[in-house]
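What follows is a short report on a single structure.
So that the names make sense, note that chain A is the first sequence line, chain B the second, and so on, each numbered from 1.
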2 protein chains.
Amino acid sequence: MLQVAFAYAIQCVVMDTLSLRARKKLRTRQALVDTALRRFAEHGFDATTLDDLCDEVEVSKRTFFRYFTSKEDAALAPTHDLWAAFLAELHTREAVDGATVLEMLRDTLLAALAAMPADGWTERVAQSRRLAAVTPSMNAHGLQFCDRTTRAVITVLRERFGYPEHDLRVRLVVDMALAAYHCALDEWVFRPGPASRDELAACLHEAFAALPGSVTLQGPGH
Amino acid sequence: MLQVAFAYAIQCVVMDTLSLRARKKLRTRQALVDTALRRFAEHGFDATTLDDLCDEVEVSKRTFFRYFTSKEDAALAPTHDLWAAFLAELHTREAVDGATVLEMLRDTLLAALAAMPADGWTERVAQSRRLAAVTPSMNAHGLQFCDRTTRAVITVLRERFGYPEHDLRVRLVVDMALAAYHCALDEWVFRPGPASRDELAACLHEAFAALPGSVTLQGPGH
DNA sequence: GACGCAATTGCCACTGAGAGGCGTAATGCT
DNA sequence: AGCATTACGCCTCTCAGTGGCAATTGCGTC
């Protein structure tokens, strides 16, 4: 009786957002990501086998591959979340008159960053990046993911704002934004001090601001 | 007798550059790259097993991995050659007064391009890029290699020209050059018409020239 | 020109990532 | 409660990549 009432309460509170099944999947997924990040950090990416990982989370390897396409994929999940939010934001964002594309990309990225979950997301990206820095295969997967995302962004920009296909600048500006992102991320992760979300935003501002000066950076003569 | 004379001639011509052993290694390596590129193009990267490949070249799989670190590595060899030449050139190149770093990187890249072997190198890079475009794991390896190279370039720039560690612009400008390279390469490979070396140089000039305008590219308002 | 030495190769066995088929269990819907 | 759907686990298989060890081949020397 009490259980029924309780179940009903749950239903009222959560049911309209997610079903039991969906919540369970989310929990499993999250457990896999967390455990993966922890074990990879403790014993190294290569030294951790999927069997170990799956044993701890108590899922079969078969199931693991229903959630992630590869071992690397699980460890890169936090980054994927950010870029998914970025693309969503890019679709809906209004154009601001007089703004450059670079500014728009920066602001879209900052908006995506603000949309990330509050519970430990920053720790997870930081951990993920630290792992990627010492794990070639993770780095490779991450870069390949960025490349895919880049192409998606270019497509959106062309569709929404009607840039011609042959204009190289669209691709170049997106790659610049990506460079600034990577630069900011490394700055944020490997610099001493706490790695808060606001710090990352500050690093992003700094990196994007440094872009114009990079083009005209003088050689050793000056 | 004639054989001796012949052997001596060979010795005079080639010996001072490469020993028999070294030539044999080079031949094996080249055969592996060529066969790999051809088979990957014919049947697809994933559908081609290393056993198939090694059978054709008549080398054991063990030996394959003494030449290349991975299946992808073999297919990306042409690109690796270019960047190796780029780094070598960057070490020896004199600084030009009044030139920007971006210009220097462009010219260094063009010099490296000119240093590539005449015998079918262009065909091999083109083929390699075409494969990477449809093969995620190859693309990932390629990008990871570019990333490593990028860091090496940054180190050289800092050492030779004394940029401070904390100056983000060094990294950003190298990433810009890399973006221009990728842009030019895709333009060159996927555009109709012949893919000659001069064409690639032209694409590189075009892409590098488009960089400054990309920073200030205006949004849809205009 | 035969020798020993070092480098290169082939064979074999092994690990771990990843894919796929199929039966079973849990969940959602009526 | 009953049925349909979805998710999961077990098993098997392929293939990339590693390491040990013995055999071969090229190199320098006497």
Distance in angstrom units between A:Arg23 CZ and C:dA26 P, rounded: 17 Å
Could you point out which residue of A:Thr79, A:Leu185, A:Leu76 forms a side-chain contact (heavy atoms from CB on, under 4.5 Å) with A:Arg129? A:Leu185
Are there more than 12 heavy atoms of other residues, nucleotides or ligands under 6.0 Å from atom CD of A:Glu165? no
From CZ (A:Arg169) to CE (A:Met176), nearest 0.5 Å: 11.0 Å
From the candidates D:dA16, D:dG9, C:dG16, the one with an atom nearest any side-chain atom of A:Val59 is D:dG9
Whole angstroms only, please: what is the NZ-C1' distance between B:Lys25 and D:dG26? 12 Å
With nearest nucleotides of DNA chain C determined for B:Ser60 and B:Arg21 from heavy-atom distances, which residue corresponds to the more 5′ nucleotide? B:Arg21
Return the value, rounded to whole Å, for the distance between atom CG of B:Asp52 and atom P of D:dC15. 8 Å
Within the pair B:Thr49 and D:dA16, is there a side-chain N or O less than 4.0 Å away from OP1 or OP2? no
Closer to the 5' end of DNA chain D via nearest nucleotide, is it B:Ala22 or B:Phe45? B:Phe45
Counting just side-chain N and O atoms, does B:Lys24 come under 4.0 Å of either OP1 or OP2 of C:dT8? no
Could you tell me how far apart A:Asp51 (CG) and C:dG18 (P) are, to the nearest whole angstrom? 12 Å
Would you mind classifying the nucleic acid contact of B:Thr48 as base, sugar-phosphate or nothing, using non-hydrogen atoms under 4.0 angstrom? sugar-phosphate
Could you tell me whether the phosphate oxygens of D:dA7, OP1 or OP2, come under 4.0 Å of any side-chain nitrogen or oxygen in A:Tyr67? no
Short heteroatom pairs, N/O only, protein and nucleotides 17-21 of chain D, under 3.5 Å:
| unit_1 | atom_1 | unit_2 | atom_2 | d |
| --- | --- | --- | --- | --- |
| D:dG17 | OP2 | B:Lys71 | N | 2.8 |
| D:dG17 | N7 | B:Lys61 | NZ | 3.4 |
| D:dG19 | N7 | B:Arg62 | NE | 3.0 |
| D:dG19 | N7 | B:Arg62 | NH2 | 3.2 |
| D:dG19 | O6 | B:Arg62 | NE | 3.3 |
| D:dG20 | O6 | B:Arg62 | NE | 2.9 |

Measuring from atom CZ of A:Phe208 to atom CG of B:Leu168, what distance do you get when rounded to the nearest 0.5 angstrom? 12.5 Å
d(CZ, A:Arg27; C1', D:dC8) in whole Å: 15 Å
May I ask you to say whether A:Asp81 pairs ionically with A:Arg124, meaning some side-chain N is under 4.0 Å from a carboxylate O? no
Could you state the CG-P distance from B:Leu53 to D:dC15, rounded to the nearest angstrom? 14 Å
Could you check whether atom CD of A:Glu58 has more than 12 heavy atoms from other residues, nucleotides or ligands sitting under 6.0 Å from it? no
Value in whole Å for how far the C1' atom of C:dT9 lies from CG of B:Leu32: 13 Å
B:Glu72-B:Ser137 side chain donor-acceptor pair, cut-off 3.5 Å: yes
